[in-house]
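Below is one structure, written out as structure tokens; comments come after it.
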Amino acid sequence: MKTNTYKLLNENLGISGKILELIDECEKDVMGCFEDLDDIMTYNQYKVLDAFQKNGICDRHFSWNTGYGYDDAGREATEKVFADIFHAEAALVRPIIVNGTHALSLTLMGILRPGDQLIYCTGAPYDTLEETIGIRGEGKGSLRDYGVTYDQVELTADGRIDLDALAKAITPATKMVTVQRATGYGWRKAITIEEIEEWVAFVKDINPEIICMVDNCYGEFLHVKEPTDVGADIMAGSLIKNPGGGLALTGGYVAGRADLVEKISYRLTTPGIGGECGLTFGQTRTMLQGLFIAPKTVNGAVKGAVLCAKAFEKLGYEVCPAPEDRRSDIIQAVKLGSPEAVIAFCKGIQAAAPIDSQVSPEPWAMPGYEDPVIMAAGAFVQGSSIELSADAPIREPYVVYFQGGLTYEHSKFGVIKALQELEDRNLI
């Protein structure tokens, strides 16, 4: 670590020499991983630039519209850029999609009909989708309420999609099969693009009419390809995660086959109107600028995740994925073993934030979650998990999930402050 930086962190910010030496050692160990990640980032940066230029993005695309939002040039251009980047036939990109769960719910409810079967191929979905599907909760308009049946196929012991079990689960009623690319609150590596490609080919060989959907949250720009590049029919994600680059104030997207995007647009607004209406509220500038810098932002976040894995691995903790593993999302899981350690880690992340650093996060009964959840995030955009954050359900085996950082340096500082908080409480 450079002398001036070391001195600032040690003397001004109260970071112990022991932790700074550990971080310096870890950075040297993962330099080869960083070079590979930089290559992916560079490819994606130029891919994004090409899409902007191909669609002639200019200042008029940042203008406001009012009322119904007819003929919103900025909205149309934004959706064409997203479609081009993801090599999809169409995209729906809107600030009125409130989060990733909303984007995914729109996708499920826009496509599935009474009597259809939905199969999740990566075990249980993320907690907040359980009430959308109808796994828990009654009378809220879930898929189950509307006669859509649900099944899930657990991953194999080594965390891969169990294709043999999936083949047995598919029935004549199967309309959609879904993969959650990111780990969620699971202890597994993210599903890779190569696995998604194999899964799509396997499903289409059984029945080409089955729709392959991917929950792409946290996965954008982790590879030179996206799920729609390898055959996925439809995917969805959040703009306050990877593709918003930390600048999008809100929103979500779906991208894929044009006929499916159209069906989803009818759920977003109303049948007969679909994507023809809907204001962007002057947000196209921040959505497009965020998208433009997203490859670099994601690169910093995933480097921070690698550093986090290396540091905690050296201290003897179980981490998932391992520092040298190929990444398919920005999330780093660390098995800390106690609620006290999870809370301390999150307090360290909060103390590293540029916003609300004085706040002390505590577990609480957050809507949509089965267990108390602690969330640390001092973000410019509330809930933005491409910004430095950490969260965890307070349940055994007490795993914390670390992600984000608009720059590598900030993500790195989050790791440092988490370690310092644990050290101060005699937990490491």
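These numbers were taken from a predicted model, which means no experiment stands behind them.
At a threshold of 4.5 Å between non-hydrogen side-chain atoms, the residues L239 and T250 do not count as touching. With contacts defined as side-chain heavy-atom distances shorter than 4.5 Å, the pair I234/T107 qualifies.
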Quiz item: What's the verdict on salt bridge (Lys or Arg N to Asp or Glu O under 4.0 Å) for K175 and E209, showing C-alpha distance, side-chain angles and the deciding distance?
Solution: CA-CA 8 Å; K175 179 68 171 290; E209 298 303 313; over 6 Å; no
Exercise. Check the pair Q180, T122 against side chain to side chain donor-acceptor pair (under 3.5 Å), reporting the backbone distance first and the verdict last.
Key: CA-CA 6 Å; Q180 179 181 294; T122 45; 5.6 Å; no
Exercise. Evaluate side chain to side chain donor-acceptor pair (under 3.5 Å) for Y185 paired with D391, printing each intermediate quantity in order.
Key: CA-CA 9 Å; Y185 282 152; D391 53 286; 2.4 Å; yes
Exercise. Dump the intermediate steps for side-chain contact (heavy atoms from CB on, under 4.5 Å) on V48 and F221, then the final yes or no.
Key: CA-CA 10 Å; V48 170; F221 305 126; 3.9 Å; yes
Practice problem: Kindly indicate, with the supporting measurements, whether the criterion side chain to side chain donor-acceptor pair (under 3.5 Å) is fulfilled by Y218 and S385. | Solution: CA-CA 9 Å; Y218 298 105; S385 42; 3.2 Å; yes
Quiz item: Does the pair M375 and Q350 meet the rule for a side-chain contact (heavy atoms from CB on, under 4.5 Å), with working shown?
Solution: CA-CA 9 Å; M375 290 195 168; Q350 190 71 42; over 6 Å; no
Exercise. Could you walk me through whether Q117 and T149 pass side chain to side chain donor-acceptor pair (under 3.5 Å), step by step?
Key: CA-CA 5 Å; Q117 180 194 32; T149 61; 5.0 Å; no
Exercise. Decide salt bridge (Lys or Arg N to Asp or Glu O under 4.0 Å) for E409 and K303; before the verdict, give the C-alpha distance in whole Å, the side-chain angles of both, and the deciding distance to 0.1 Å.
Key: CA-CA 9 Å; E409 290 73 21; K303 283 181 177 178; over 6 Å; no
Quiz item: How far apart are the C-alpha atoms of D24 and K314, what are their side-chain angles, what is the distance that settles it, and do they pass the salt bridge (Lys or Arg N to Asp or Glu O under 4.0 Å) test?
Solution: CA-CA 12 Å; D24 193 43; K314 277 185 176 290; over 6 Å; no
Quiz item: Under the side-chain contact (heavy atoms from CB on, under 4.5 Å) criterion, do T78 and T280 qualify, and how do the steps go?
Solution: CA-CA 10 Å; T78 300; T280 51; over 6 Å; no
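For D329 (side chain) and C217 (main-chain N/O), no donor-acceptor pair under 3.5 Å exists by modelled atom type. Side-chain atoms of E131 never come within 3.5 Å of backbone atoms of S142 as a donor-acceptor pair (strictly under, hydrogens ignored). A donor-acceptor pair under 3.5 Å is formed between the side chain of E195 and the backbone N or O of T192. When atom types are taken as modelled, the side chain of D233 and the backbone of C212 share a donor-acceptor pair closer than 3.5 angstrom. Here the side chain of T228 pairs no donor or acceptor atom with the backbone of A232 at under 3.5 angstrom. Between the side chain of H410 and the backbone N or O of L406, no donor-acceptor pair lies under 3.5 Å. When atom types are taken as modelled, the side chain of T286 and the backbone of Q283 share a donor-acceptor pair closer than 3.5 angstrom. Using modelled atom types, one side-chain atom of K204 and one backbone atom of I210 make a donor-acceptor pair closer than 3.5 Å. Put simply, the side chain of Y401 never gets that close to the backbone of I331: no donor and acceptor are under 3.5 Å apart. The backbone N or O of A258 lies less than 3.5 Å from a partner atom in the side chain of E89, making a donor-acceptor pair.
When each of N44, I193, D229 is paired with H223, the side-chain contact (heavy atoms from CB on, under 4.5 Å) condition holds for I193 and for no other. For the side-chain contact (heavy atoms from CB on, under 4.5 Å) with L143, the qualifying choice from D116, V148, L129 is V148, the only one to do so.
Using a 30° and 60° split on the angle between ring planes, Y408 and F34 fall in the perpendicular class, above 60°. Note on ring orientation: taking the six-membered ring where Trp is involved, the planes of F402 and F345 are perpendicular (angle over 60°, cut-offs 30° and 60°). Using a 30° and 60° split on the angle between ring planes, Y317 and F312 fall in the perpendicular class, above 60°.
Closest non-hydrogen pair, G110 versus K263, comes out as O-CB, 3.5 Å. When all heavy atoms are compared, the tightest approach of P321 to A309 is O-CB, 3.8 Å. The shortest heavy-atom contact between C121 and W199 is SG-NE1, 3.4 Å. When all heavy atoms are compared, the tightest approach of A344 to L427 is CB-CD1, 3.8 Å. Counting all heavy atoms, side chain and backbone alike, Q152 lies closest to P125 at OE1-CD, 4.1 Å. The nearest pair of heavy atoms linking I191 to S328 is O-OG, 2.7 Å.
In this structure, the separation between NZ on K347 and OG on S360 is 2.5 Å, given to the nearest 0.5 Å. The CZ atom of R75 sits 10.0 Å away from the CE atom of M287 when rounded to the nearest 0.5 Å. Rounded to the nearest 0.5 angstrom, I211 CD1 and R257 CZ are separated by 5.5 Å. A distance of 8.5 Å separates OG1 of T174 from CG of L166, quoted to the nearest 0.5 Å. Residue C308 holds its SG atom at 7.0 Å from CD1 of I349, rounded to the nearest 0.5 Å. From M41, atom CE reaches atom CG of L222 across 13.0 Å, with rounding to the nearest 0.5 Å.
Under 4.0 Å is where a charged nitrogen must lie from a carboxylate oxygen, and between E27 and K412 at least one such pair does. Under a 4.0 Å N-O distance rule, the pair R144/E138 qualifies as a salt bridge. Taking 4.0 Å as the cut-off between side-chain N and carboxylate O, D84 and K80 do not count as a salt-bridged pair. Taking a cutoff of 4.0 Å between a charged side-chain nitrogen and a carboxylate oxygen, R136 and E130 qualify as a salt bridge. Using a cutoff of 4.0 Å between basic side-chain nitrogens and carboxylate oxygens, E25 and K310 are not scored as salt-bridged. Using a 4.0 Å cut-off between charged nitrogen and carboxylate oxygen, K417 and E423 do not count as a salt-bridge pair. Contact check on K335 versus E396 returns no salt bridge, with no Lys/Arg side-chain nitrogen under 4.0 Å from an Asp/Glu carboxylate oxygen.
At most 12 heavy atoms of other shown residues, nucleotides or ligands fall within 6.0 angstrom of atom CD in E276. Around atom CD of E154, more than 12 heavy atoms belonging to other residues, nucleotides or ligands sit under 6.0 Å away. Enclosure of atom CZ in R188 by more than 12 non-hydrogen atoms of other residues, nucleotides or ligands within 6.0 angstrom is indicated.
For F281, there are no ring-ring contact (aromatic ring centres under 6.0 Å, His included) partners at least two apart in sequence or on another chain. Residues forming a salt bridge (charged side-chain N to carboxylate O under 4.0 Å, His left out) with D36 (at least two apart in sequence, or on another chain): none.
For the residue pair Q332/R327, the side-chain donor-acceptor check at 3.5 Å is satisfied. Inspection of the Y253 and N216 side chains reveals an N or O donor paired with an N or O acceptor under 3.5 Å.
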